[in-house]
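Let me begin by presenting the structure, written as structure tokens, before commenting on it.
Keep in mind that what you see is a predicted model, and the values were worked out from it rather than measured. Just so it is clear: chains get the letters A, B, ... in the order the sequence lines come, proteins before strands, and each one is counted from 1.
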There are 2 protein chains.
Amino acid sequence: MSQPRLLLVEDDQALAELVEFRFKAEGYAVTRTDDGDEALLLATEQVPDVVILDWMIEGTSGIEVCRRLRRDKQTAHVPIVMLTAREAEDDRVRGLETGADDYVTKPFSPRELVARVNAIMRRIRPALAGEVLAVGDLTLDATAHRVTRRGTTIALGPTEFRLLRHFMEHPGRVFSRNQLLDAVWGNGSDIELRTVDVHIRRLRKGIELPGVPDPVRTVRSAGYSLEAV
Amino acid sequence: MSQPRLLLVEDDQALAELVEFRFKAEGYAVTRTDDGDEALLLATEQVPDVVILDWMIEGTSGIEVCRRLRRDKQTAHVPIVMLTAREAEDDRVRGLETGADDYVTKPFSPRELVARVNAIMRRIRPALAGEVLAVGDLTLDATAHRVTRRGTTIALGPTEFRLLRHFMEHPGRVFSRNQLLDAVWGNGSDIELRTVDVHIRRLRKGIELPGVPDPVRTVRSAGYSLEAV
DNA sequence: ATGAAGGTGTCACGATTGTTTCACAGAGCG
DNA sequence: CGCTCTGTGAAACAATCGTGACACCTTCAT
């Protein structure tokens with residue numbers, strides 16, 4: 001699920017095996033084929049997160065596969081890295097203009113290819129780059145300002161949102177009311193300590209689901225913490 | 001305003017001029033500097049859409065500039081294309097791992113560089129690459145200046161159009177009023193924050209359809225975002 | 001030029017929503 | 001059992017947002 005899916009289209013078996021091995025070690029789920037038409041089928045069947053595509057392959061040529069992937073709405077936005085033996089600049093430019101996102105010339109080092117694909121993934125799926133916090137069954141997307149629990153979206157007030165974010169940034173850790181006031185309200189706020197309790201309650205009320213235990217733990221005479229459920 | 005902004009950091013004057021010329025011809029707004037520290041300043045002052053960065057420059061080294069751009073939250077997501085004379089694979093990989101998005105080895109052809117940067121722009125700001133944006137039931141064609149919802153064409157004022165385009169380029173993401181002023185009005189505009197509200201309302205009014213929920217989400221004390229409906 | 005039409009930026013007011021405090025009930029603990 | 005600490009409802013208070021009105025500015029055709 002959180003493994004990025006990679007579709008590798010390469011007809012040099014030895015090379016394909018090497019690349020597949022390296023990307024599996026990097027945590028990718030790799031699907032491999034040596035045929036252009038089959039690649040298109042596989043891509044629509046289960047849309048990959050990134051495609052590595054040899055320029056010269058059997059069946060449909062690499063550049064044609066690239067064009068078709070772009071034309072299908074389903075796969076139009078999947079990043080493509082072209083792979084080729086050619087040195088000619090014209091081909092490189094043509095590849096990029098056809099819609100490839102990057103271009104690597106053979107011979108290349110697997111390490112560089114991995115680095116390039118990782119660079120693309122960083123750009124495409126920020127969710128995998130750690131922009132979304134997840135603790136237990138809770139999920140918090142700071143840029144979208146969105147919280148989910150077990151898949152259902154949850155509405156929180158501004159303070160409850162900041163409170164939860166702070167807890168999720170330090171899961172399991174216990175914070176005193178004073179620490180929470182500093183972290184969530186900003187230091188220098190002269191607010192009644194017990195006010196924290198009220199917001200804790202509202203946070204609890206916000207994220208509660210029937211039949212699911214409360215992840216906010218009260219630590220008597222110490223403070224509160226968020227536990228993974 | 002709707003021109004993509006490119007920051008070019010290169011100390012070879014002749015080369016820099018050539019590159020600047022080519023990208024201006026491509027419709028980019030180019031800012032040029034030969035100093036690493038100045039580059040960082042310029043980048044935070046007005047966040048560019050893409051950075052072309054020479055590895056070896058005066059002041060702070062290219063790789064250090066790259067690292068610092070990544071560290072600053074404001075510029076962390078800006079794509080960086082590294083430029084270098086070195087052929088060594090180690091350097092290329094190091095560059096990519098530092099956070100560069102792409103890598104071009106000198107000598108390179110301006111045409112290839114342009115193609116690579118365009119490939120990146122297609123990803124980052126599709127509207128500027130002449131693509132049609134689609135979010136939920138909304139459709140926006142930047143070149144034709146046309147917006148549709150559920151097939152029906154919609155008339156929007158210039159500001160509302162830019163506002164919607166910006167939202168559609170980053171669907172789901174929440175923008176504060178300040179961020180919207182920077183992105184849609186251009187930074188340096190000393191406009192009342194609440195004016196954004198008024199244009200949000202005009203945008204809502206413009207795209208509303210009877211019986212269809214409003215895709216513009218208000219996030220109290222945070223800003224606004226566009227949700228797919 | 002001139003007027004009409006449309007777009008833009010401000011403001012003020014009311015409505016909505018969120019925040020803080022307080023008092024009391026109840027839970028935990030020795 | 002008595003003490004301390006926490007949960008909770010309600011109410012006063014505060015911040016934020018939506019909206020209509022309006023003055024001013026462009027644009028554009030006459």
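Note on ring orientation: taking the six-membered ring where Trp is involved, the planes of H166(B) and F175(B) are tilted (angle from 30° to 60°).
In this structure, L156(A) atom CG and dT19(C) atom C1' are separated by 15 Å, rounded to whole Å. If you measure from atom CG of L163(B) to atom C1' of dG7(C), you get 14 Å, rounded to the nearest angstrom. One atom, CD of E192(A), and another, C1' of dT6(D), lie 14 Å apart when rounded to the nearest Å. Rounded to a whole Å, the CG atom of L193(B) is 10 Å from the P atom of dT10(C). When the P atom of dC24(D) is taken as reference, atom CD1 of I191(B) falls 17 Å away, rounded to whole Å. dT8(D) atom C1' lies 15 Å from atom CG of D214(A), rounded to whole Å. Regarding E208(A), its CD atom lies at a distance of 14 Å from the C1' atom of dG7(D), rounded to whole Å. The separation between E160(A) atom CD and dT17(C) atom P is 15 Å, rounded to whole Å.
Between R146(A) and E227(B) there is a salt bridge, with a side-chain nitrogen of the basic residue lying less than 4.0 Å from a carboxylate oxygen of the acidic one. A salt bridge links R116(B) with E112(B): at least one charged nitrogen is closer than 4.0 Å to a carboxylate oxygen. Under the 4.0 Å criterion applied to side-chain N and carboxylate O atoms, E64(A) and R67(A) are assigned as salt-bridge partners.
Proximity note for P158(A) (side chain, C-beta onward) versus dT8(C), dT19(C), dT20(C): the nearest is dT19(C).
Around CD of Q46(B), the count of heavy atoms belonging to other residues, nucleotides or ligands within 6.0 Å exceeds 12.
V212(B) meets the side-chain contact (heavy atoms from CB on, under 4.5 Å) test with D137(B), R149(B), R150(B), L209(B); sequence neighbours excluded.
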What string of B, S and - do you get for nucleotides 15-22 of chain D, 5' to 3', when a contact is any protein heavy atom under 4.0 Å?
BBBBBB--
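For the pair L69(B) and I80(B), the minimum side-chain heavy-atom distance is below 4.5 Å.
OP1 or OP2 of dT20(C) has at least one side-chain nitrogen or oxygen of W185(A) nearer than 4.0 Å.
Take the nearest nucleotide of DNA chain C for T195(A) and for D190(B): the residue whose nucleotide is more 5' is D190(B).
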